[in-house]
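A short worksheet on the structure shown next.
Naming: A, B, ... by sequence-line order, numbering from 1 per chain.
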Amino acid sequence: MRDLFAVIMLFGIFSFIAALLFLDMDAVDVAFTEAAVGAGVTTVLMLSALRLTQRYENVSHRHAGMALVVVTLTGAALIYGTLDFPSLGDPNAPVHEHVAPEYLQQTPEKIGVPNVVTAVLASFRGYDTLGETVVIFSAGIVVMLLLGLGRAEDFEQQEDILILWVVVKPMVALILVFALYVQFHGDFGAGGGFQAGVIFASGFILYSLVYGENHTRKVLPARWLPRLAALGVLLYAGTGMFSFFKGQVFLDYNALADSPVSGQHLGILLVEAGVGLTVFSTVLLIFYAFSGRRAVVHE
Amino acid sequence: MIVAAILALLVTMALVLTRAFIGPTVYDRILAVNAFGTKSVLLITVGGHAMGWYSYVDIALMYALINFVGTLAVMRFFETHDPRHDEL
Amino acid sequence: MNEILGHFNYLIVVLLMMMGLYVVIASPNLIKKLIGLSLFQASVFILFITFGKVSGGGPPILSQQLTAYSNPLPHVLILTAIVVGVATTAVGLALIVRVYEAYGTTDEDEIDAMDNADDKPVV
Amino acid sequence: MLIGLLSDLCLLFGGLLCLTGGVGLLRLPSFFVRLHAASVTETLATVFLIAGVMLDTGWALDTAKLLLLIVIMFVANPSITHALCRTAAHGKYRPESNHEPQASHQQENQSSNNSTS
């Protein structure tokens with residue numbers, strides 16, 4: 001397809017299907033994330049990048065034969081490799097023998113949180129998640145350095161947009177409330193900081209799309225966002241450092257409260273809040289950076 | 001009956017996907033993507049109920065909200081009048 | 001027959017990966033390359049989630065009714081990887097926007113041609 | 001028993017509406033007609049399908065959430081259709097424009113079908 005716009009639309013559909021697949025394979029949290037990210041934020045980002053570049057692809061003069069050979073060889077090698085894999089859903093597969101049973105056993109007694117994914121994410125593998133949060137934070141900073149924060153165009157008033165105004169206003173409130181629900185319900189059901197941050201940012205993006213970005217920038221100025229993102233990382237690392245100063249290991253939440261289990265609860269809450277804050281402000285920062293930039297017209 | 005509803009939804013999704021592929025205008029594609037999103041929400045609701053998926057309603061709710069945001073974003077792309085994007 | 005059905009997911013994953021890799025190699029358009037990369041990434045996500053599935057098990061959220069759970073570890077890894085993936089895609093898109101502003105095209109071959117023209121000694 | 005029957009009827013009718021919408025989206029000749037076919041059936045099908053699931057669920061927290069879902073979809077779908085229609089009308093697309101030469105050909109074939117239905 002020459003038209004990159006159509007490619008992006010079809011990629012959005014692919015994301016819907018991928019989320020359905022995750023849901024069918026019991027990965028509720030992953031389906032949540034894929035649905036929050038794939039259909040909304042990815043499409044918005046790709047379209048904003050398309051607005052700043054060219055929409056139509058040039059006719060390629062390349063010879064695709066070599067690429068086809070390389071891809072076919074790689075694919076054949078990989079398919080040969082998968083022959084030794086355990087079948088889908090095999091309970092005795094090597095993956096299920098090592099750490100996963102320990103996580104499943106220890107979560108009720110040590111963490112006391114029903115959602116094992118949240119327990120592993122925030123407590124057992126807290127270092128990992130801290131690293132990922134820092135990666136997201138630095139990605140936001142890099143986009144800001146590359147594109148600048150930009151400034152909003154004056155939004156021209158259109159009188160026949162009234163229906164959207166009326167519909168979108170409660171919808172934004174609903175999205176924000178839903179994001180908070182996902183954030184704080186993450187200990188008990190599907191959800192958590194990563195999903196909540198993206199959904200919260202989607203609410204702000206929806207508001208700027210319909211009411212104009214200058215209004216959103218009045219509510220939350222762009223210069224605050226890097227600081228908010230940094231604050232999120234700081235909250236995460238600070239929670240770790242707190243137990244460090246209390247004589248425990250870094251990111252060991254047992255020291256946060258009197259009993260280990262309530263300490264874990266508090267620690268997971270704080271850490272997830274840090275993750276949510278960082279993800280929200282980074283996604284919104286990236287959106288501001290792309291939509292605040294003027295398109296350069298080349299001859 | 002629930003199986004019939006799921007089958008109808010799957011067939012509809014295939015039809016909508018065909019429309020998304022053949023176009024011919026961009027508006028057809030946007031319409032198809034939006035319809036596909038709605039059908040996914042319905043499939044999650046009906047299929048999730050039939051198969052007893054965990055917390056399927058939450059995911060369906062979020063799908064509905066995010067689909068709304070995504071489709072509106074695509075439309076804003078066409079409202080910013082840029083001469084380079086005027087072709088269909 | 002069961003053997004084939006059990007490996008069907010891996011086949012799909014490899015096919016998706018091949019498509020992504022092909023787009024990355026063969027398409028000269030930078031945005032399309034990035035979409036190919038995202039496709040490749042999605043195939044890896046599906047592979048990990050396939051590993052985590054246990055037949056007869058439920059999602060890894062503890063409850064009274066379930067006795068077996070799917071493996072939570074791949075879910076954790078992929079959950080974070082999806083969000084990190086969109087952040088890194090944004091960085092790639094930002095780079096492409098800057099490249100377009102400098103060269104006036106997102107076609108790799110044209111950019112190469114311009115670079116090579118610059119390298120030639122001026123007579 | 002009655003509720004089960006009602007739920008089945010809702011699901012059946014919703015699925016039928018969905019199919020109608022899908023066929024309309026694929027077969028109808030021009031964009032605005034397709035928009036019409038897709039959106040009208042979609043909005044009603046949503047209500048019927050989710051109502052069918054609701055009746056089958058019984059009284060639970062999920063029922064309230066499903067009701068919320070119905071409200072959201074019932075509001076979001078028509079407004080999306082409105083916005084899409086507006087964008088298409090403001091843009092370059094006109095129903096009578098010959099951007100789709102094969103579509104106008106189809107129109108002649110289908111006009112007889114449309115008048116009878």
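- For the set Thr81(D), Leu68(D), Leu16(D), Leu11(D), the count of heavy-atom pairs under 4.5 angstrom toward chain B peaks at Leu11(D).
- Within the 4.5 angstrom heavy-atom criterion, only side-chain atoms of Leu42(B), from C-beta onward, approach chain D.
- Per-residue heavy-atom pair counts under 4.5 Å with chain D were compared for Lys39(B), His49(B), Met13(B), and the maximum is reached by His49(B).
- Among the candidates Leu69(D), Thr46(D), Asp62(D), the single residue satisfying the side-chain contact (heavy atoms from CB on, under 4.5 Å) test with Thr45(B) is Leu69(D).
- Proximity to chain B (any heavy atom under 4.5 Å) is restricted, for Asn77(D), to the side chain, taken from C-beta onward.
- Residue contact with chain B, scored on non-hydrogen atoms closer than 4.5 Å, involves the side chain of Ser79(D) exclusively.
- You'll find the side chain of Leu9(D) stays beyond 4.5 Å of the side chain of Phe13(D), heavy atoms only.
- Residues Leu31(B) and Leu84(D) are in side-chain contact: their nearest non-hydrogen atoms beyond the backbone lie under 4.5 Å apart.
- Closest approach of Ala83(D) to Met75(B), counting heavy atoms only: C-SD, 3.5 Å.
- In this view, Asp58(B) and Lys65(D) satisfy the salt bridge (charged side-chain N to carboxylate O under 4.0 Å, His left out) rule, not counting sequence neighbours.
- For Leu66(D), the parts lying near chain B are the backbone and the side chain together; criterion is any non-hydrogen pair under 4.5 Å.
- In plain terms, the two heavy atoms of Ala14(B) and Thr18(B) that are nearest each other are O-OG1, 2.7 Å.
- With a 4.5 angstrom heavy-atom cutoff, Ala38(D) touches chain B only via side-chain atoms.
- Only the side chain of Val57(B) comes within less than 4.5 Å of a heavy atom of chain D; its backbone N, CA, C and O stay farther away.
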